[in-house]
Amino acid sequence: MPFPSIMPENPAEIPASDQSRPLARRRFLRYSGAGLAAGGLWLAGCAKDKDEITPSSRLDVGSGDTGILNFAYALEQLEAAFYAQVVAGPYFAGASAAEKDVLRDLRDHEAIHAAFFKNLLGSNAIRDLTPDFSNIDFAQRTTAQSASRLGVLNAARAFEDLGVAAYNGVGRYIVRNDYLLLAGKIVSVEARHAAIIRELITANTFVASDVVDTTNNGLEKSKRPQDVLTIANTFLAEGSKLSALNFK
């Protein structure tokens with residue numbers, strides 16, 4: 001099944017980019033991910049907001065700041081599961097040492113992010129989600145011509161671009177300043193992920209016009225939660241698909 005477009009709709013409030021060479025960026029990626037997890041754990045918990053199954057059998061992320069945190073937690077679960085499968089797969093086994101280093105770092109970062117949100121949310125967290133990666137070919141580096149499944153790096157680019165657009169899109173809904181700061185820190189890391197994956201596929205595409213408004217203001221583009229989940233749900237199994245009905 002073809003992967004749906006991930007073109008974001010609105011300019012982001014806070015642009016994030018990194019114009020250094022991809023492989024030289026690797027050490028920064030490692031330390032920024034670990035530092036985020038260590039530095040953010042002081043944040044207080046949220047009000048109780050239980051899992052809700054909507055009439056369409058979608059798991060709703062909830063409302064208020066708790067809903068936003070669960071929305072982010074869901075995306076981080078999906079990315080963490082993806083990279084865990086990447087490093088256990090056949091493409092990774094034959095990849096260059098440099099690409100293996102990058103992919104291991106991204107795996108570790110996404111696992112840290114997912115664990116961070118689960119810890120922060122505590123009993124308010126949505127349940128563990130079950131991914132469905134049947135549309136990804138973990139044996140292929142990039143998508144083969146006329147292929148029905150995404151290659152690993154193309155899937156990674158889709159996930160990372162979507163993550164950046166998602167964090168930039170939810171900023172408008174966040175009430176607490178410390179959560180807004182947290183979102184800004186994580187989206188800056190996700191933007192570095194997106195940049196390095198894009199550079200691994202095609203040089204000089206880390207600020208391409210599909211993710212940055214290169215014509216008017218130079219800002220990162222964003223997507224609202226419901227639009228993000230329309231795409232994310234194509235990689236989630238039945239029973240784990242999500243909605244965000246409280247965020248229009």
Side-chain angles (χ1 to χ4, degrees), residues 1-8 50-62 67-93 95 103-104 106-118 121 125-167 169-170 186 190 193-194 197 201 223-245 247:
M1 181 176 77
F3 184 68
S5 171
I6 61 169
M7 180 72 74
K50 295 181 179 179
D51 293 355
E52 298 177 12
I53 300 297
T54 69
S56 61
S57 298
R58 299 287 171 92
L59 174 65
D60 197 74
V61 297
I68 293 301
L69 293 175
N70 268 318
F71 170 74
Y73 176 42
L75 296 178
E76 298 296 350
Q77 282 193 55
L78 188 58
E79 288 185 298
F82 167 71
Y83 285 112
Q85 191 159 335
V86 167
V87 300
Y91 153 65
F92 182 85
L103 291 167
R104 287 192 193 99
L106 269 61
R107 175 201 60 188
D108 293 346
H109 283 186
E110 303 302 358
I112 289 169
H113 290 171
F116 168 79
F117 279 112
K118 186 172 186 176
L121 283 158
I126 58 172
R127 62 176 177 264
D128 291 347
L129 304 176
T130 302
D132 177 1
F133 296 139
S134 57
N135 291 329
I136 301 173
D137 186 346
F138 288 91
Q140 294 295 322
R141 181 179 186 271
T142 55
T143 306
Q145 188 172 8
S146 302
S148 61
R149 295 193 295 167
L150 289 168
V152 168
L153 295 185
N154 296 87
R157 179 178 65 187
F159 284 128
E160 298 297 350
D161 286 349
L162 185 65
V164 175
Y167 277 105
V170 299
I186 294 182
E190 297 292 345
H193 292 179
I197 289 295
I201 298 172
K223 291 185 80 70
R224 291 177 185 261
Q226 291 281 31
D227 297 323
V228 170
L229 294 181
T230 296
I231 299 170
N233 281 337
T234 66
F235 296 101
L236 289 168
E238 292 298 328
S240 288
K241 295 183 186 295
L242 300 158
S243 65
L245 299 179
F247 304 104

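- Taking all atoms of both residues into account, the shortest heavy-atom contact from A81 to P131 is CB-CG, 3.9 Å.
- When all heavy atoms are compared, the tightest approach of L103 to V86 is CD1-CG1, 4.1 Å.
- Remark: R141 pairs with E99 by the side chain to side chain donor-acceptor pair (under 3.5 Å) rule, at least two apart or across chains.
- For N233, there are no side chain to side chain donor-acceptor pair (under 3.5 Å) partners two or more places apart in sequence or in a different chain.
- Partners of F247 by ring pair (Phe, Tyr, Trp, His ring centres under 6.0 Å), not counting sequence neighbours, listed by chain and number: Y173.
- Between Q85 and I136, the closest side-chain pair of non-hydrogen atoms is not below 4.5 Å.
- Under the rule for a side chain to side chain contact (heavy atoms under 4.5 Å, CB included), the partners of Q140 that lie at least two apart in sequence or sit in another chain are D137.
- In this structure T130 satisfies the side chain to side chain contact (heavy atoms under 4.5 Å, CB included) test together with A237, S240, sequence neighbours excluded.
- A ring-centre distance under 6.0 Å is not found for F159 and Y83.
- Of all the heavy atoms in K241 and L236, the pair that sits closest is NZ-O, 2.8 Å.
- Interatomic distance, F116 CZ to Y73 OH, rounded to the nearest 0.5 Å: 12.5 Å.
- Between A166 and L75, the closest heavy-atom pair is CB-CD1, 3.5 Å.
- Within the 4.5 Å cutoff, the side chain of V228 has heavy atoms near those of the L162 side chain.
- Atom CG of D161 and atom CD of E190 lie 10.5 Å apart (nearest 0.5 Å).
- Of the possible donor and acceptor atoms, one in the side chain of T230 sits under 3.5 Å from a partner among the backbone N and O of Q226.
- Across every non-hydrogen atom of L153 and I197, the tightest pair is O-CG2, 3.5 Å.
- Put simply, the side chain of L106 reaches to within 4.5 Å of the side chain of E160, judged on heavy atoms.
- When all heavy atoms are compared, the tightest approach of A72 to F117 is CB-CZ, 3.6 Å.
- Contacts classified as salt bridge (charged side-chain N to carboxylate O under 4.0 Å, His left out) and involving residues 109-118 (residues at least two apart or in different chains) are given here: K118-D128.
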Practice prompt. Take L242 and R58 through the side-chain contact (heavy atoms from CB on, under 4.5 Å) test and state the conclusion after the steps.
Written response: CA-CA 5 Å; L242 300 158; R58 299 287 171 92; 5.9 Å; no

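- Residues that satisfy the side chain to side chain donor-acceptor pair (under 3.5 Å) test with E76, not counting sequence neighbours, are H113, Y167.
- Listed by chain and residue number, N154 satisfy the side chain to side chain donor-acceptor pair (under 3.5 Å) test with T143 (two or more places apart in sequence, or in another chain).
- In this view, A84 satisfies the side chain to side chain contact (heavy atoms under 4.5 Å, CB included) rule with no residue, not counting sequence neighbours.
- In this structure, L59 and I126 have side chains that are in contact, with non-hydrogen atoms separated by less than 4.5 Å.
- Within the 4.5 Å cutoff, side-chain heavy atoms of F71 are placed close to those of P225.
- For the pair F133 and L78, the minimum side-chain heavy-atom distance is below 4.5 Å.
- Of the possible donor and acceptor atoms, one in the side chain of D60 sits under 3.5 Å from a partner among the backbone N and O of L245.
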